[in-house]
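Structure first, commentary second.
Labels below follow one simple rule: chain letters A, B, ... track the order of the sequence lines, proteins then strands, and each chain is numbered from 1.
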Amino acid sequence: MSEERSLNFIEEIIEEDIRSGKHGGRVHTRFPPEPNGYLHIGHAKSICLNFGLAKKYNGLTNLRFDDTNPEKEETEYVDSIKEDVRWLGFEWANELYASDYFEQLYEFALKLIKKGRAYVDDSTAEEIASQKGTPTEPGTPSPYRDRSVEENLRLFAEMREGKYTDGEKVLRARIDLASPNMHMRDPLMYRIRHAEHHRTGNTWCIYPMYDFAHGQSDSIERITHSVCTLEFIPHRALYDWFIEELEIFPSRQYEFARLNMTYTLMSKRRLLQLVNEGFVNGWDDPRMPTISALRRRGYTAASIRDFCERIGVAKRENVIDVSLLEFCVREDLNKTAWRRMAVLDPVKLVITNYPEGQHELLEGENNPEEEGGGGSRQIPFSKELWIERDDFMENPTKKYFRLGPGLMVRLKHAYIIKCEDFVKDESGNITEIRCTYVPESKSGSDTSGIHVKGTIHWVSVPHAAKAEVRLYDRLFLSEEPAAEGRDFREHINPESLQVLPDVYMEADLARAEQGRGYQFIRKGYFTLDKDSKPGALVFNRTVTLKDTWAKAAKKG
RNA sequence: UGCCCGAUAGUAUAAAGGUAGUACAACUGAUUUUGGUUCAGUUUGUCUAGGUUCGAAUCCUGGUCGGGCAACCA
């Protein structure tokens, strides 16, 4: 069937399950975010995995919000999560919430109490912690561990009724205080929280813990393959224990290694810190690794899906080189982005032998990668142009292919020019470059016979549109800003955002559409920012072009 | 010190006892009206010690190294 013979370990498990007829060959996964923050590229890996698995094996995927902690969860996050999953190109079978199951979960708890498998504990958090023992020493029983079923039933009902304050009592599973797996030492099932929940409001004052909600939710939804990250491995024994004791649908949990990426952070807690402490301007600041930030920056959904495909799925801890993500977006944008010219750091160039007041329209294809150039646009040309300041060198080095005194270069889509002279101000800055052009070298009908090594981009001075351009670089200077013993705040790149307020570009760009990628020739991929307004254009740089010249120049 | 997971080029990921391959990165060169793209090529790898086997990255045993686990978070 599958041509690409190599499967990841989860696909192998699923194919084996299908072969053996488990669940009648049915595959049903879920993506279970907690709505307490925005989704990041690490979640994209999980989304692509869960939805991708279901798609590949003709199954379904639920979107389930794991909302069992009313103090951290908000509707704003629910909305952003839905938007991000959709944008990535996935369709969920059902939109569900763990809070939908609160009543059912309560019934499950009752069942365990009646079986003598759960008890109400009056111990404080500190007492319970010390009762757990240590990895090498067994725990000790709580003095309340052997309450009667009747008493437990009454107390638990009273907990629900609101008779107790936060922390006064908890419901615990009665398992094994000597288990080498700490999670099996009578874990908490319910705690009291007199807090308003984003969906259930004040209906409840007791809330189930993750371990007493997640597996049961999977089971209620008849999830066949519950895929999560490595840190939940020790929870699996508990996951299975509850399912067995409750005698409910046997969902199974499988764990893979979460995504880590160089030069960024991947923990919601730290990302929240970046937002709250003002290191970035919100969750969708284009320097963030969140899906919303990547989208705003100009990353395409296709490129993120491709990235998730390429990084693979395994159990080994990994740190992916961010250059792979950049490669993926360049590869996608190279095929789809319209080429335009924009001069980021302008210096004036005057063509002395071009008639004053004359201008003409030249043609430039939208995308040379597309068949037939993907259509074209007209580019106004005139006597005065803006060119890039670093496309001129007063004393050019031997391998410099651009402009310098006496040197010739091609103006993209236009003519070959020769630098005759240049003007400097008192402080030695070049203020104007004076050239002559070769009339018979016009792009497309060049009869000059002249061959030049370099081609530069330009914008006609009287026709230029002006825009603000935001250049983004990695947020951190260190490959692993959150590595052990580090305060990531000390590794922030002070130059991660560079704002260019006055960039000249082709007037055509005034009609740029949001969500579309543009390649500013020789400069990189850009996209219109949401801050942009007619007459006050704002572009974000998605990623630079690969620049082997800059690399070579840096080396000397 | 208990339990659990893992270990293949710089980074990831394949090879289900039979030629260690692929991608990114790096480096050469060719092409190019983007120092982009494309194309061709190069460099670099099975943690370790034993064992089983005609044959081990793969199976077994010991070790080493890395990570996780003792929240009324998920």
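Only the P atoms considered, B:rG2 is 31 Å distant from B:rU11, to the nearest whole Å. Between B:rU48 and B:rU38, the distance separating the two C1' atoms is 44 Å to the nearest Å. A distance of about 23 Å separates the C1' atoms of B:rU33 and B:rA40, rounded to the whole Å. B:rA57 and B:rC65: their P atoms are spaced 24 Å apart (whole Å). Comparing B:rG41 with B:rG63, their P atoms are spaced 47 Å from each other, to the whole Å. Taking atom C1' on both nucleotides, B:rU43 is separated from B:rG35 by 24 Å, rounded to a whole Å. With both ends at atom C1', the span from B:rA12 to B:rG17 equals 26 Å, rounded to whole Å.
The residue among A:T136 and A:D547 whose nearest nucleotide of RNA chain B lies closer to the 5′ end is A:T136. Each of A:V319 and A:I233 lies near RNA chain B, and the nucleotide nearest A:I233 is the one positioned closer to the 5' end.
With salt bridges taken as basic N to acidic carboxylate O contacts below 4.0 Å, one links A:R310 and A:E331. Ion pairing between a basic and an acidic side chain is recognised when a charged N comes within 4.0 Å of a carboxylate O; A:D218 and A:R64 show such pairing.
Note on A:L230: nothing from the nucleic acid sits closer than 4.0 angstrom, heavy atoms only. Within the nucleic acid shown, A:R410 comes within 4.0 Å of at least one base atom, counting heavy atoms only. Using a 4.0 Å heavy-atom cutoff across all strands shown, A:Y207 reaches no nucleic acid atom at all. A:T548 comes within contact range of the sugar-phosphate backbone alone, with a heavy-atom separation under 4.0 Å but no base atom that close. Contact annotation for A:G444: base contact, defined as any heavy-atom pair under 4.0 Å involving a base atom. Among the protein residues, A:F401 comes within range of the nucleic acid bases, having at least one heavy atom under 4.0 Å from a base atom. Residue contacts shown for A:Y400 include a base, since a base heavy atom lies under 4.0 Å away. Contact annotation for A:S123: base contact, defined as any heavy-atom pair under 4.0 Å involving a base atom. Nucleic acid contact class of A:K335 (heavy atoms, under 4.0 Å, all strands): none. Within the nucleic acid shown, A:E369 comes within 4.0 Å of at least one base atom, counting heavy atoms only. Here A:P368 lies in heavy-atom contact (under 4.0 Å) with a base. Base engagement by A:H235 is indicated by at least one non-hydrogen atom pair under 4.0 Å involving a base atom.
Within the shown strands, nothing qualifies as a pairing partner of B:rA74 under the Watson-Crick or G-U definition with both distances less than 3.5 Å. For B:rG41, the paired nucleotide is B:rC27, the pair qualifying as Watson-Crick or G-U wobble because both relevant distances are below 3.5 Å. With a cut-off of 3.5 Å on both Watson-Crick or G-U wobble distances, the partner of B:rU64 is given as B:rA7. When Watson-Crick and G-U wobble pairs are counted only if both distances are under 3.5 Å, B:rC59 pairs with B:rG51. The partner of B:rU1 cannot be assigned: no Watson-Crick or G-U wobble pair with both contacts below 3.5 Å exists in any strand. Nucleotide B:rU22 forms a Watson-Crick or G-U wobble pair with B:rA12, both donor-acceptor distances falling under 3.5 Å.
For the pair A:E231 CD and B:rA71 P, the interatomic distance rounds to 16 Å; values are reported in whole Å. Here B:rU22 presents its C1' atom at 16 Å from CG of A:N8, a figure rounded to the nearest Å. If you take CD of A:E309 and P of B:rA23, they are 15 Å apart, rounded to a whole angstrom. One can place CE of A:M266 at 23 Å from P of B:rA74, the figure rounded to the nearest angstrom. The nearest whole Å value for the distance from the CD atom in A:E71 to the P atom in B:rA71 is 18 Å. The interatomic distance linking A:R402 (CZ) with B:rG35 (P) rounds to 7 Å, in whole Å.
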Item to check | Worked check of side chain to side chain donor-acceptor pair (under 3.5 Å) between A:E221 and A:N62 | outcome: CA-CA 8 Å; A:E221 296 171 21; A:N62 290 348; 2.8 Å; yes
Item to check | side chain to side chain donor-acceptor pair (under 3.5 Å) between A:S219 and A:Q216, intermediate numbers included | outcome: CA-CA 5 Å; A:S219 184; A:Q216 287 78 346; over 6 Å; no
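With distances taken from any side-chain atom of A:N318 to the nucleotides B:rA23, B:rA25, B:rU13, the minimum falls on B:rU13. Between B:rA25, B:rU34, B:rG2, one nucleotide has an atom nearer to the side chain of A:S323 than all others, and that is B:rA25. Closest to the A:K551 side chain, of the nucleotides B:rC5, B:rA74, B:rC27, is B:rC27. Nearest to the side-chain atoms of A:K72 among the listed nucleotides B:rU33, B:rC73, B:rA70 stands B:rC73. Nearest nucleotide to the A:N69 side chain, out of B:rA74, B:rU33, B:rU37: B:rA74.
When the side chain to side chain donor-acceptor pair (under 3.5 Å) test is applied to A:Y299, no partner is found at least two apart in sequence or on another chain. When the side chain to side chain contact (heavy atoms under 4.5 Å, CB included) test is applied to A:H183, the partners found at least two apart in sequence or on another chain are A:N181, A:P234, A:H235.
In the interface, the side chain of A:Q519 is paired with the base of B:rU34 through a donor and an acceptor atom under 3.5 Å apart. The base of B:rU34 sits within donor-acceptor range of the side chain of A:R339, with an N or O pair under 3.5 Å. You won't find any donor-acceptor pair under 3.5 Å spanning the side chain of A:E255 and the base of B:rG68, going by distance alone. No N or O donor and acceptor, one from the side chain of A:R522 and one from the base of B:rU34, sit under 3.5 Å apart. Checked by distance alone, A:R316 brings no side-chain donor or acceptor within 3.5 Å of a matching partner on the base of B:rG67. Looking at A:S443, its side chain comes within 3.5 Å of the base of B:rU33 through a donor and an acceptor atom.
Within residues 173-198 of chain A, the residues that place at least one heavy atom under 4.0 Å from RNA chain B are, in residue-number order, A:P180, A:M182, A:H183, A:L188, A:R191, A:R193.
Residue ring and base: A:Y210 does not count as stacked with B:rA74 (centre distance below 5.5 Å and interplanar angle below 30° not both satisfied).
Taking both residues in full, the closest heavy atoms of A:M266 and A:H40 are given as O-NE2, 3.3 Å, listed atom of the first, atom of the second, then distance. Considering all non-hydrogen atoms of both residues, A:I450 and A:M408 come closest at CD1-CE, 4.1 Å. Closest approach of A:R340 and A:L509 over heavy atoms only: CG-CD1, 3.4 Å.
Residue A:S6 has no polar side-chain atom (N or O) positioned under 4.0 Å from OP1 or OP2 of B:rA15. Contact annotation: A:K453 does not reach the phosphate of B:rU32 (side-chain N/O to OP1 or OP2, under 4.0 Å). The side chain of A:K442 places no N or O atom within less than 4.0 Å of a non-bridging phosphate oxygen (OP1 or OP2) of B:rU33.
Judged by the 6.0 Å distance and 45° axis criteria, A:R172 is not positioned over the aromatic ring of A:Y119.
With hydrogens and angles left out, the side-chain atoms of A:H43 and A:R258 include no donor and acceptor closer than 3.5 Å.
Results of the ring-ring contact (aromatic ring centres under 6.0 Å, His included) test with A:Y207 over A:F102, A:F212, A:Y101 single out A:F102 as the only residue that passes.
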